[in-house]
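Everything below concerns the one structure shown next.
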Amino acid sequence: MSKTKIRVIYATLMVMLMFTFAGCKSSKSATGSVDSGESVRLRGDQLLEAVIDNTPVYDSFSSRLKLTMPSGKGELNLNGYLKMQRDELIQISLLVPILRSEAVRIEISPDRVLIIDRLNKRYADASVDDLRRMYGPYADFNTLQALFSNSFFQPGKKEFKKRDFSSFKASAIDTERVLLTKQEKELKYSFVTSTSNNRLVSSEVAILANGYSMNWQYDRFINAGQTTFPSDLQIILKNPKRSNKIGVELSRISVDKETLTSSPIPAKYQPVSLSELIEKIRG
C-alpha cells in the first residue's frame, strides 16, 4: 500500500472521528396523518414506536468492512473489519490489499481513542479530555455508536428513549418519509424515517456556526441473529466549500458471538501524540 493511500485512509477516518467528537462541540398509522410540509410536535408514546422497535439490538457486533472513498479522479476501495461492544468499544481495522495484514487499528471507547499504526510501528493514545481540549467540549462516544448502529441519539445522552421524541418536530418529506429535527444552540440534528419499512434511513448532525455537517444514510437491511442491521451505509461529509462521500459496505455480520476488549499496545511501538499523528498524516 502506497504512502499516499495510507494518508487517505487515515485522513478520511480521522475526519469522520474528529467531526463526530467536535460536532457533538415509526408506524404508518402514526405518521399517516402528517401532511407534506406540516410541522407537528412528536409524542414519544404514540409516534414512531415501530421504528424504535426496529432499532438493532446487540451486545457485540462484528462484520467485514469495505470502504469506498474518492481518491484523485477515481475511487479507492479498502477492506477491513468493524467490531463493537455495546457501550464499551468501537474497533475499526483496515487491511493492506492483497496481503490482508492489518495496516491500522482505531479503537474508540467512552473515555479513550487509540490508533495503532502497524506499518510505521507507532501509536497515539488520547483521552476524551484531550479531544475536548483540542476539538471542543462535546466528545461523545454514544453519538458515534448510534451512527454505526442505525439508532436515534441525542448528543450528551447515553440512551435515547421514546419520551425524547417530545423535543423533536416532524414534517413529511413525502408519502413514505418523515423528517424529525431538533435544533439547539450550536447543533442541529435530524433523522429521516421510512413509513414503508418503519426504519431509520438517515441521520445527520450539523454545526450551525461553521456550516459543517455529517449525514449517514442506511440501506439494504439484513437479518443478523434476532435483529436487523443495514449493510449499506453512505456517509456524506460537507463543509461550505466541498462535499465528500464515503461508502461503507458491511458483510458477514454477526451479533453476540464474541466479547470485544481493548487491544494491547506492542511494546516496541513508538508513542506519539494525537496531534502529532494528525500532522504526520497531513505531511
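Counting only N and O atoms by type, the side chains of Q85 and D59 include no donor and acceptor under 3.5 Å apart. A side-chain donor-acceptor contact under 3.5 Å links S262 and E107.
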* Any chance you could lay out the side-chain hydrogen bond (donor to acceptor under 3.5 Å, both in side chains) test for Y123 and Q270, step after step, and finish with the verdict? => CA-CA 6 Å; Y123 70 93; Q270 176 188 0; over 6 Å; no
* Given S151 and S149, is the side-chain hydrogen bond (donor to acceptor under 3.5 Å, both in side chains) satisfied, shown in steps? -> CA-CA 5 Å; S151 303; S149 302; 4.8 Å; no
* Which is it for K238 and S243 under the side-chain hydrogen bond (donor to acceptor under 3.5 Å, both in side chains) test, yes or no, and what are the steps along the way? -> CA-CA 4 Å; K238 292 182 180 180; S243 173; 5.3 Å; no
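Contact of the I92 side chain with the V104 side chain is not registered, since no non-hydrogen atoms from C-beta on lie closer than 4.5 Å. Looking at heavy atoms from C-beta onward, N239 lies out of side-chain contact with N210 at the 4.5 angstrom threshold. Proximity of K121 to K268: side-chain heavy atoms (C-beta onward) are nowhere separated by under 4.5 Å.
Between Y218 and W216, the angle of the ring planes lies from 30° to 60°, which puts this pair in the tilted group. The aromatic rings of Y189 and F153 sit parallel to each other, their planes meeting at less than 30°, with 60° as the upper class boundary.
E102 is linked by a salt bridge (Lys or Arg N to Asp or Glu O under 4.0 Å) to R105, R118, counting only residues two or more places apart in sequence or in another chain. A search for salt bridge (Lys or Arg N to Asp or Glu O under 4.0 Å) contacts involving D125 returns R112, not counting sequence neighbours. With sequence neighbours excluded, no residue forms a salt bridge (Lys or Arg N to Asp or Glu O under 4.0 Å) with K188. Listed by chain and number, the residues in a side chain to side chain donor-acceptor pair (under 3.5 Å) with T68 are N77 (sequence neighbours excluded). Here S231 pairs with nothing under the side chain to side chain donor-acceptor pair (under 3.5 Å) rule; sequence neighbours left out. Residues passing the side-chain contact (heavy atoms from CB on, under 4.5 Å) test with N79, sequence neighbours excluded: K66, R100. With sequence neighbours excluded, the residues forming a side chain to side chain donor-acceptor pair (under 3.5 Å) with S127 are D130, listed by chain and number. Take N244 and apply the side-chain contact (heavy atoms from CB on, under 4.5 Å) test, not counting sequence neighbours, and it matches P70, R242. Annotation: side chain to side chain donor-acceptor pair (under 3.5 Å) contacts of Q217 (sequence neighbours excluded): N215. The salt bridge (Lys or Arg N to Asp or Glu O under 4.0 Å) search around E258 returns K83, not counting sequence neighbours.
Rounded to the nearest 0.5 Å, atoms CG (D256) and CZ (R86) are 10.0 Å apart.
Neither I236 nor V192 shares a network with the other; the hydrophobic side chains, linked directly or stepwise wherever heavy atoms of I, L, V, M, F, W or Y lie under 4.5 Å apart, form separate groups for each. Under the 4.5 Å side-chain heavy-atom criterion for grouping Ile, Leu, Val, Met, Phe, Trp and Tyr, V248 is connected to I222 within one hydrophobic cluster.
Sorted by first then second residue, the ring-ring contact (aromatic ring centres under 6.0 Å, His included) pairs that include residues 221-266, not counting sequence neighbours, are Y58-F229, F61-F229.
If you chain together ILVMFWY residues whose side-chain heavy atoms come under 4.5 Å of each other, L260 ends up grouped with L89.
Only one option out of K182, K158, K157 pairs with D164 in a salt bridge (charged side-chain N to carboxylate O under 4.0 Å, His left out); it is K157.
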